[in-house]
Amino acid sequence: MFPTLFVILAFSVLYWFPIRRWMSRWGARPSDLTRVMTGDALLLNPTYSGTMAVVVNAAPEHIWPWLVQIGYRRGGLYSYDWLDRLFGYLDRPSATRILPEFQNLAVGDEIPLGRGPSWPVAAIEPNRALVLDMRNLGGFDWVWQSGLYAVDENRTQLVSRSRVRTRSRWARLATRVIEPAGFLMTRRMLLGLKQRAEALRAANIDEIRANQRPAA
């Protein structure tokens, strides 16, 4: 009995401190963690804040079209499609092409999420920031934002920040339980956006080169 309790305690301590800390800042630089993002003021004094990031070898304009078309019966979530479809958040694989009909996202629009609640758009700055405001969502408030920050002319830091404030013990427990799944899905989404943006940049370069070739 005591060895089992020791293992459980050791795992709990390991998860709560180094592992949970690593998950909440995966890929983020110190400047990303201290950066003031567009939607931060919507939710002050969060009970949870996580900032994750990935460097994309493409310019913001190669990332933005994929970002604004996210959602159910839109571009998808670029994460683990089989899981999103299993739980009813998507009804088809995430898009592998730009969908022109979903490029005109505006403040006040709602991004659907299948079985889950829709995400109201609170702020949008083309090629820079997208803020989704899901406050008053049951027992907790959630503001999820994405930011695009140019590293140089060929690279962009894509940052995802979730800020949550719980209003009950049940909601706080629920957020703790879903944190590992949230980390895995968000990480995969960032990598999915990276893959698509870099492919779009490569296609654009190939097109430019093709147009510059002299006619035979």
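Nothing here was measured: the structure is a model prediction, and the numbers come from that model.
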Using the side-chain contact (heavy atoms from CB on, under 4.5 Å) rule, take Trp26 and Thr186 through it: C-alpha gap first, then chi angles, then the decisive distance, then the call.
CA-CA 10 Å; Trp26 178 85; Thr186 302; over 6 Å; no

What verdict does the side-chain contact (heavy atoms from CB on, under 4.5 Å) test give for Arg74 and Leu99, after you've listed the backbone C-alpha separation in whole Å, the side-chain angles of each residue and the deciding distance to 0.1 Å?
CA-CA 8 Å; Arg74 293 166 58 90; Leu99 305 174; 5.6 Å; no

Between Leu77 and Leu113, does the side-chain contact (heavy atoms from CB on, under 4.5 Å) criterion hold? Intermediate values first, please.
CA-CA 9 Å; Leu77 296 175; Leu113 188 62; 3.8 Å; yes

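Within the 4.5 Å cutoff, the side chain of Thr51 has no heavy atoms near those of the Arg25 side chain. Between Arg85 and Asp91 there is no side-chain heavy-atom pair separated by less than 4.5 Å. Contact annotation: the side chain of Arg73 never approaches that of Pro112 to less than 4.5 Å [non-hydrogen atoms, C-beta and beyond]. Residues Val143 and Met37 fail the side-chain proximity criterion, which asks for heavy atoms closer than 4.5 Å. Side chains of Val121 and Val131 form no contact here, defined as non-hydrogen atoms less than 4.5 Å apart. Side chains of Ser79 and Asp84 form a contact here, defined as non-hydrogen atoms less than 4.5 Å apart. Put simply, the side chain of Leu190 reaches to within 4.5 Å of the side chain of Met52, judged on heavy atoms. Contact annotation: the side chain of Val56 never approaches that of Arg201 to less than 4.5 Å [non-hydrogen atoms, C-beta and beyond].
Checked by atom type and distance alone, the side chain of Arg163 never pairs as donor or acceptor with a backbone atom of Leu42 at under 3.5 Å. Of the possible donor and acceptor atoms, none in the side chain of Thr156 sits under 3.5 Å from a partner among the backbone N and O of Ile63. Arg196 places a side-chain N or O within donor-acceptor distance of the main-chain N or O of Ala95, the cut-off being under 3.5 Å. Side-chain N or O atoms of Arg155 include none that pairs as donor or acceptor with a backbone N or O of Val151 at under 3.5 Å. Under a 3.5 Å cut-off, the side chain of Gln69 and the backbone N or O of Phe102 do not form any donor-acceptor pair.
The shortest non-hydrogen separation linking Ser118 to Met134 is O-CG, 4.2 Å. Smallest separation of non-hydrogen atoms from Val54 and Lys194: CG2-CD, 3.7 Å. Between Gln103 and Val68, the shortest heavy-atom contact is OE1-CG2, 3.5 Å. The minimum heavy-atom distance between Gly76 and Leu90, with the atom names listed, is CA-CD2, 3.7 Å. Heavy atoms only, all atoms of each residue included: Ala123 and Val107 are closest at CA-CG2, 3.9 Å. Scanning all heavy atoms of the two residues, the minimum distance from Asp32 to Ala53 falls at OD2-CB, 4.0 Å.
Environment of CG in Asn104: sparse, with no more than 12 heavy atoms of neighbouring residues, nucleotides or ligands closer than 6.0 Å. Counting non-hydrogen atoms of other residues, nucleotides and ligands closer than 6.0 Å to CD of Glu153 gives a total of 12 or fewer. The 12-atom threshold is exceeded at OH of Tyr72, counting heavy atoms of other residues, nucleotides or ligands nearer than 6.0 Å.
Linking ILVMFWY residues whenever their side-chain heavy atoms come closer than 4.5 Å, directly or via other members, places Leu184 and Trp82 in the same cluster. Under the 4.5 Å side-chain heavy-atom criterion for grouping Ile, Leu, Val, Met, Phe, Trp and Tyr, Leu200 is connected to Leu67 within one hydrophobic cluster. A single hydrophobic cluster is seen to contain both Leu158 and Trp119, as judged by linkage of ILVMFWY side chains at heavy-atom distances under 4.5 Å, directly or through other members.
To the nearest 0.5 angstrom, Ser24 atom OG is 8.0 Å from Leu33 atom CG. From Glu110, atom CD reaches atom CG of Leu105 across 11.0 Å, with rounding to the nearest 0.5 Å. Residue Met189 holds its CE atom at 9.5 Å from OH of Tyr78, rounded to the nearest 0.5 Å. Between the NE2 atom in His62 and the CG atom in Leu148 there is a gap of 12.5 Å [rounded to 0.5 Å]. Considering CG of Asn127 and CH2 of Trp64, their distance stands at 7.0 Å, rounded to 0.5 Å. The distance from the CD1 atom of Ile111 to the CG atom of Leu132 is 5.0 Å, given to the nearest 0.5 Å.
Remark: Asp40 engages Arg161 in a salt bridge, criterion side-chain N to carboxylate O under 4.0 Å.
Side chains of Asn57 and Glu198: a donor on one and an acceptor on the other come within 3.5 Å.
Between Tyr48 and Trp142, the distance from one ring center to the other does not fall under 6.0 angstrom.
A cation-pi arrangement is present between Arg35 and Tyr149, with the terminal nitrogen or guanidinium carbon under 6.0 Å from the aromatic centre and inside a 45° cone about the axis.
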